[in-house]
Undergrad: 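This structure is in structure tokens; I'll ask about it shortly.
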Amino acid sequence: MSTASVQFVKYSEHLSAKLEDRSAKVGIIGLGYVGCPLAVEFASAGYSVTGIDLQKSKVDTINSGRSHIQDVPGEKIWKLVRTKKLTATTDFSVISELDTISICVPTPLRKTKDPDMSYIISACDEIAKYIRPGTLIILESTT
Ligand SMILES: NC(=O)c1ccc[n+]([C@@H]2O[C@H](COP(=O)([O-])OP(=O)(O)OC[C@H]3O[C@@H](n4cnc5c(N)ncnc54)[C@H](O)[C@@H]3O)[C@@H](O)[C@H]2O)c1
């Protein structure tokens, strides 16, 4: 096996163990209709979750233990924030501490009916600044 393959196996085994024992730090980029419920589900499953969004109002709403998404009850967020399982920020530098990153930014359709990828590209530019080897990136946005 090549050195790169050996390193990959090491990273994936390390991450699997952290996911198994719930010590993995989970990040969600984009706290809208997809990202917010996803963050709540991960936190409810026992992971420490950090949500990142450009909109400070959404970040402040979550950190004050309230919900901006109709399907997500405020009490659920309040409990997770109080127990420090869920936090939100506009500061992308937290990426350096994360083990997984789920990208949940918008991909609106252009007039030509193909998706506008600029939000994903912008999120990836921020990820590239801070990511560590071994971090899992999941693209939830429609592409
Ligand atoms: N809503 C659905 O039912 C649904 C279902 C399947 C797939 N999707 C896909 O999931 C993706 C997200 O959809 P949504 O409905 O949650 O969108 P949304 O508009 O509700 O939320 C997107 C969030 O991302 C934030 N954002 C935008 N650019 C950002 C950036 N560069 N960095 C950090 N945050 C950023 C916005 O401020 C917003 O809070 C889309 O690609 C959509 O097609 C949505």
Side-chain angles (χ1 to χ4, degrees), residues 4-143:
S5 304
V6 170
Q7 193 61 53
F8 178 78
V9 170
K10 258 168 99 178
Y11 283 136
S12 65
E13 283 175 353
H14 183 60
L15 179 60
S16 292
K18 289 178 95 171
L19 288 167
E20 196 78 34
D21 69 12
R22 300 295 197 262
S23 64
K25 287 192 170 24
V26 169
I28 309 286
I29 301 186
L31 295 169
Y33 290 100
V34 170
C36 181
L38 186 63
V40 166
E41 286 307 311
F42 272 123
S44 301
Y47 295 102
S48 173
V49 179
T50 304
I52 305 170
D53 203 288
L54 297 175
Q55 286 184 34
K56 191 173 179 306
S57 57
K58 286 185 183 167
V59 164
D60 290 346
T61 301
I62 288 177
N63 286 335
S64 64
R66 291 175 294 131
S67 179
H68 58 283
I69 303 288
Q70 207 178 359
D71 291 348
V72 180
E75 308 85 69
K76 220 169 173 180
I77 291 188
W78 185 79
K79 192 173 148 211
L80 295 168
V81 169
R82 194 174 53 97
T83 54
K84 301 198 186 317
K85 281 287 164 205
L86 177 64
T87 186
T89 183
T90 55
D91 179 3
F92 285 81
S93 69
V94 294
I95 286 170
S96 63
E97 296 160 23
L98 301 174
D99 296 300
T100 73
I101 300 167
S102 298
I103 302 173
C104 305
V105 299
T107 45
L109 288 182
R110 297 179 194 270
K111 279 190 192 140
T112 49
K113 302 265 189 238
D114 57 329
D116 175 356
M117 303 283 281
S118 61
Y119 299 86
I120 296 176
I121 291 168
S122 161
C124 289
D125 284 343
E126 290 298 326
I127 292 171
K129 285 185 203 165
Y130 302 107
I131 195 165
R132 287 182 290 116
T135 309
L136 175 68
I137 303 178
I138 302 153
L139 180 60
E140 297 279 357
S141 301
T142 308
T143 50

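One-based numbering, in listed order, for ligands and for the atoms of each.
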Undergrad: Which is closest to atom 37 (O) of ligand 1 in terms of heavy atoms, L109, D53, I29?
TA: D53
Undergrad: Among I28, V34, L54, whose heavy atom sits nearest atom 30 (C) of ligand 1?
TA: L54
Undergrad: Select one of side chain, backbone, both or neither to describe which atoms of E126 lie under 4.0 Å from any atom of ligand 1, heavy atoms only.
TA: neither
Undergrad: Using a 4.0 Å cut-off to any heavy atom of T107, which atoms of ligand 1 qualify?
TA: 40 (C), 41 (O), 43 (O)
Undergrad: If you count the atoms of ligand 1 from 1 in the order shown, which ones are under 4.0 Å from a heavy atom of Y119?
TA: 27 (C), 28 (N), 31 (N)
Undergrad: Output the list of atoms in ligand 1 that are nearer than 4.0 Å to some heavy atom of Q55, sorted by atom number.
TA: 37 (O)
Undergrad: Can you list the atoms of ligand 1 that are under 4.0 Å from a heavy atom of S122?
TA: 31 (N)
Undergrad: Under 4.0 Å from ligand 1, counting heavy atoms only, is it the side chain of S141, its backbone, both or neither?
TA: both
Undergrad: Which residue and non-hydrogen atom of the protein lie closest to atom 43 (O) of ligand 1, and at what distance in Å?
TA: T142 OG1, 2.7 Å
Undergrad: Name all pairs fulfilling the side chain to side chain donor-acceptor pair (under 3.5 Å) condition that reach into residues 68-84, sequence neighbours left out, sorted by first residue then second.
TA: none
Undergrad: Please answer whether the main-chain N or O of S141 pairs with a side-chain N or O of T107 as donor and acceptor at a distance below 3.5 Å.
TA: no
Undergrad: Checking contacts now, so for atom 8 (N) of ligand 1, which I'm interested in, is there any protein heavy atom under 4.0 Å?
TA: yes
Undergrad: Would you confirm whether D53, through its side chain, and L31, through its main-chain N or O, come within 3.5 Å as a donor-acceptor pair?
TA: yes
Undergrad: Which protein heavy atom lies closest to atom 27 (C) of ligand 1, and at what distance to 0.1 Å?
TA: P106 CD, 3.5 Å
